[in-house]
2 protein chains.
Amino acid sequence: MQLSNSSQYAIRILSYMALHKESKLLNATQLAEALQIPYKFLTKIMTEIVKSGLVVSIRGRDGGYKFEKPTSEIMVNEILSIFHDSIPDEQCVLGIGFCNGLCKCALHDQWMEPKHLMQKMFQESSLEDIAGKGCKF
Amino acid sequence: MQLSNSSQYAIRILSYMALHKESKLLNATQLAEALQIPYKFLTKIMTEIVKSGLVVSIRGRDGGYKFEKPTSEIMVNEILSIFHDSIPDEQCVLGIGFCNGLCKCALHDQWMEPKHLMQKMFQESSLEDIAGKGCKF
DNA sequence: TCCAATTACTACTTATAGGTAGAATTATAA
DNA sequence: TTATAATTCTACCTATAAGTAGTAATTGGA
């Protein structure tokens with residue numbers, strides 16, 4: 001009942017970048033240091049985010065990462081979907097291949113409300129919204 | 001963002017047993033057949049449930065499983081905790097070691113409501129409540 | 001041109017969940 | 001007492017997530 005570590009790190013990284021977007025580029029060393037994420041794991045995650053198109057990378061000296069579009073237009077859910085971690089409508093709490101329109105599980109109805117709240121939270125929160133909220137990590 | 005397969009299976013097994021509690025004992029073969037769960041995996045899960053004390057097993061010929069206490073007194077959350085799958089109060093959505101009273105993550109406040117709904121759903125639903133709700137699986 | 005700083009790629013290791021196989025143990029009924 | 005039907009135990013296999021290591025490719029500047 002948790003997001004994958006990759007998704008959690010990704011949200012923290014991008015929300016840190018959103019907060020520091022005045023500095024032209026942020027590189028992997030700075031991000032790993034600031035957010036206390038293992039450097040090698042961070043670069044792996046960043047490469048996936050770059051492939052998704054949310055962020056562009058500049059290689060070579062003075063390189064780093066920056067956003068492709070305004071942070072107000074990047075929703076948390078887009079980040080989760082890179083790591084196959086967003087919550088599909090069909091997903092249910094006892095849903096191993098059985099829970100659907102024809103055949104509802106015993107907790108189906110009670111599950112709807114928290115599910116929708118979580119979907120809403122992910123779909124309607126932009127990086128702009130969450131950047132700087134809470135503390136550093 | 002899902003319960004483990006073991007937890008999902010366990011809830012389905014026990015809720016099936018609750019529905020058929022008039023029959024003195026149900027054995028692993030019957031349960032695996034009725035619920036379409038791999039026999040060997042089901043016995044592994046049942047052994048853990050027996051160790052937890054929720055269910056007793058009778059070995060040998062005409063053996064099987066039965067509840068230790070009324071199904072109205074067995075909450076879904078008790079089942080989840082056997083598989084370390086219940087939602088602790090401290091758990092947060094961006095909670096890799098950082099989210100606590102001193103240091104809240106960016107989604108901390110938005111997370112409270114769905115979390116509490118899920119906790120409530122698990123803590124206040126008994127097997128009696130959910131048995132027979134929804135369809136067979 | 002060459003060095004240094006940077007990301008990207010490939011491959012590996014480790015940890016954990018999910019699932020399977022076979023033999024050991026237990027208990028009943030005939 | 002013996003065959004049989006059941007759970008339990010130990011060990012394994014497979015898939016996936018998490019994390020690490022080393023090297024290649026790219027770029028800017030001296």
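To find a chain, count down the sequence lines: A is the first, B the second, and so on, and within it residues start at 1. FYI, side chains are in, hydrogens and waters are out, and symmetry mates aren't considered; it's all heavy atoms of this structure.
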Return no unless some side-chain N or O of B/Tyr9 is found under 4.0 Å from OP1 or OP2 of C/dA17.
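The answer is no; no side-chain N or O of B/Tyr9 sits under 4.0 Å from OP1 or OP2.
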
Tell me: [atom1] of [X] to [atom2] of [N], nearest whole Å?
X: B/Phe83; N: C/dG19; atom1: CZ; atom2: C1'; result: 14 Å
X: A/Asp62; N: C/dC3; atom1: CG; atom2: P; result: 19 Å
X: B/His84; N: C/dG18; atom1: NE2; atom2: P; result: 13 Å
X: A/Phe41; N: C/dA15; atom1: CZ; atom2: P; result: 15 Å
X: A/Met46; N: C/dA8; atom1: CE; atom2: C1'; result: 13 Å
X: B/Leu3; N: C/dG18; atom1: CG; atom2: C1'; result: 15 Å
X: B/Ile45; N: C/dG18; atom1: CD1; atom2: P; result: 9 Å
X: A/Asn5; N: C/dA17; atom1: CG; atom2: P; result: 13 Å

Looking only at side chains, do A/Gln110 and B/Ser125 share a donor and an acceptor under 3.5 Å apart?
yes

Distance-only donor-acceptor check, side chains A/Asp89 and A/Gln119, under 3.5 Å:
yes

Check side chain to side chain donor-acceptor pair (under 3.5 Å) between B/Lys21 and all other residues, then give those that pass, not counting sequence neighbours.
B/Thr71, B/Glu128

Between B/Thr47 and A/Ser4, who's closer to the 5' end of DNA chain D by nearest nucleotide?
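In this pair, the answer is B/Thr47.
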
What does A/Ser6 touch in the nucleic acid at a heavy-atom separation under 4.0 angstrom: a base, only the sugar-phosphate, or nothing?
sugar-phosphate

Checking all strands, does A/Thr43 fall into the base, sugar-phosphate, or nothing category for heavy-atom contacts under 4.0 angstrom?
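Nothing: the residue A/Thr43, judged by heavy atoms under 4.0 Å, touches no strand.
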
Please list, chain by chain and in numerical order, all residues satisfying salt bridge (Lys or Arg N to Asp or Glu O under 4.0 Å) with B/Lys69, sequence neighbours excluded.
B/Glu78

Can you tell me whether the side chain of B/Lys40 and the base of C/dG22 have a donor-acceptor pair closer than 3.5 Å?
yes

First encountered from the 5' end of DNA chain C, between A/Ser57 and B/Tyr39
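Nearest nucleotide further toward 5': that of A/Ser57.
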
Side chain to side chain contact (heavy atoms under 4.5 Å, CB included) partner of A/Leu14, the single match among A/Ile130, A/Ile74, A/Leu54
A/Leu54

Main-chain N/O of B/Leu94 paired to A/Arg12 side chain as donor or acceptor, under 3.5 Å:
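Flag not set: sc A/Arg12 to bb B/Leu94 has no pair under 3.5 Å.
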
Are the side chain of B/Gln8 and the backbone N or O of A/Gly95 linked by a donor-acceptor pair below 3.5 Å?
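Pair found, side chain donor or acceptor close to backbone of A/Gly95.
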
With heavy atoms of chain B within less than 4.0 Å as the criterion, where does contact along DNA chain D begin and end?
D/dA5 to D/dC9

